[in-house]
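Fair warning: this is a prediction, and the values are worked out from it, not measured in the lab.
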Amino acid sequence: MKCGGISPAVRIAHLAEATGIDLMWGCNDESRISIAAALHVALASPATRYLDLDGSFDLARDLASGGFVLEDGLLRTAPGAGLGVAWIESSRGADNSA
C-alpha cells in the first residue's frame, strides 16, 4: 500500500535482492485482504528480513477474515486458495453482494 500496490512492491523487492539490501515490509491500517497480499509477496522475496504487517489489528472491524495466521509473534499465510481470505457475512451490503 505504501509504495503503490503489489506491482511496485515486487519491483522494489527485485531491486533490493539484486543490490543486497534487506527489506522490511510495513503497512497502513488496512484490511486483512491487503495484508495477506503483502505477506505473500514478502515471503516470496529472498530480500525480506522483517515484517511489520499488523495494520488490520487497528481496525474497528474488517470486511474479511483469514488471510494470515499469527502464532507466537510470527505471521504465516493462511491455508486455502488464493490469499486465503473470506468475506465476513455481516459486512455485506443489503443486496448480499460482495
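- Ser56 meets the side-chain hydrogen bond (donor to acceptor under 3.5 Å, both in side chains) test with no other residue; sequence neighbours excluded.
- Residues satisfying the side-chain hydrogen bond (donor to acceptor under 3.5 Å, both in side chains) test with Arg11, not counting sequence neighbours, are none.
- The closest donor-acceptor contact from the side chain of Glu30 to the backbone of Asn28 lies under 3.5 Å.
- In this structure, CZ in Arg32 is found 12.0 Å from CG in Leu63, a value given to the nearest 0.5 Å.
- In the hydrophobic cluster analysis, where Ile, Leu, Val, Met, Phe, Trp and Tyr join through side-chain heavy atoms closer than 4.5 angstrom, Val10 is grouped together with Leu39.
- For Ala47 against Ile21, the heavy-atom pair with the smallest separation is CB-O, 3.6 Å.
- Partners of Asp52 according to the salt bridge (charged side-chain N to carboxylate O under 4.0 Å, His left out) rule, which considers only residues two or more places apart in sequence or in another chain, do not exist here.
- Atom-to-atom distance recorded for Cys27:SG and Ile35:CD1 is 3.5 Å, nearest 0.5 angstrom.
- Using a 4.5 Å cut-off on side-chain heavy atoms (C-beta onward), Ser65 and Val85 make no contact.
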Expected list for residues 75-82: side-chain donor-acceptor pairs under 3.5 angstrom, two or more places apart:
from  : atom 1 : to    : atom 2 : distance (Å)
Arg76 : NH2    : Glu71 : OE1    : 3.4
Arg76 : NH2    : Glu71 : OE2    : 3.3

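- Nearest heavy atom pair, residue Ala36 against residue Gly67, reads CB-O, 3.4 Å.
- Rounded to the nearest 0.5 angstrom, Ile12 CD1 and His14 NE2 are separated by 11.5 Å.
- Under the 3.5 Å distance criterion, the side-chain polar atoms of Arg49 are left unmatched by any main-chain donor or acceptor of Leu23.
- Here Thr48 pairs with Trp25 under the side-chain hydrogen bond (donor to acceptor under 3.5 Å, both in side chains) rule; sequence neighbours left out.
- Atoms CG and CD, on Asp22 and Glu17 in that order, are 11.5 Å from each other to the nearest 0.5 Å.
- The shortest non-hydrogen separation linking Cys3 to Pro8 is O-CB, 3.3 Å.
- Transitive grouping of hydrophobic side chains (ILVMFWY, heavy atoms separated by less than 4.5 Å) brings Val41 and Leu70 into a common cluster.
- For Ala38, the side-chain contact (heavy atoms from CB on, under 4.5 Å) partners at least two apart in sequence or on another chain are Leu53.
- Although no hydrogens or angles enter the test, the distance criterion places no donor-acceptor pair under 3.5 Å between the side chain of Ser45 and the main chain of Ala42.
- Here the CG atom belonging to Leu51 is positioned 11.0 Å from the CZ atom belonging to Phe68, to the nearest 0.5 angstrom.
- Counting heavy-atom neighbours within 6.0 Å of Phe57 CZ, excluding the residue itself, gives a total above 12.
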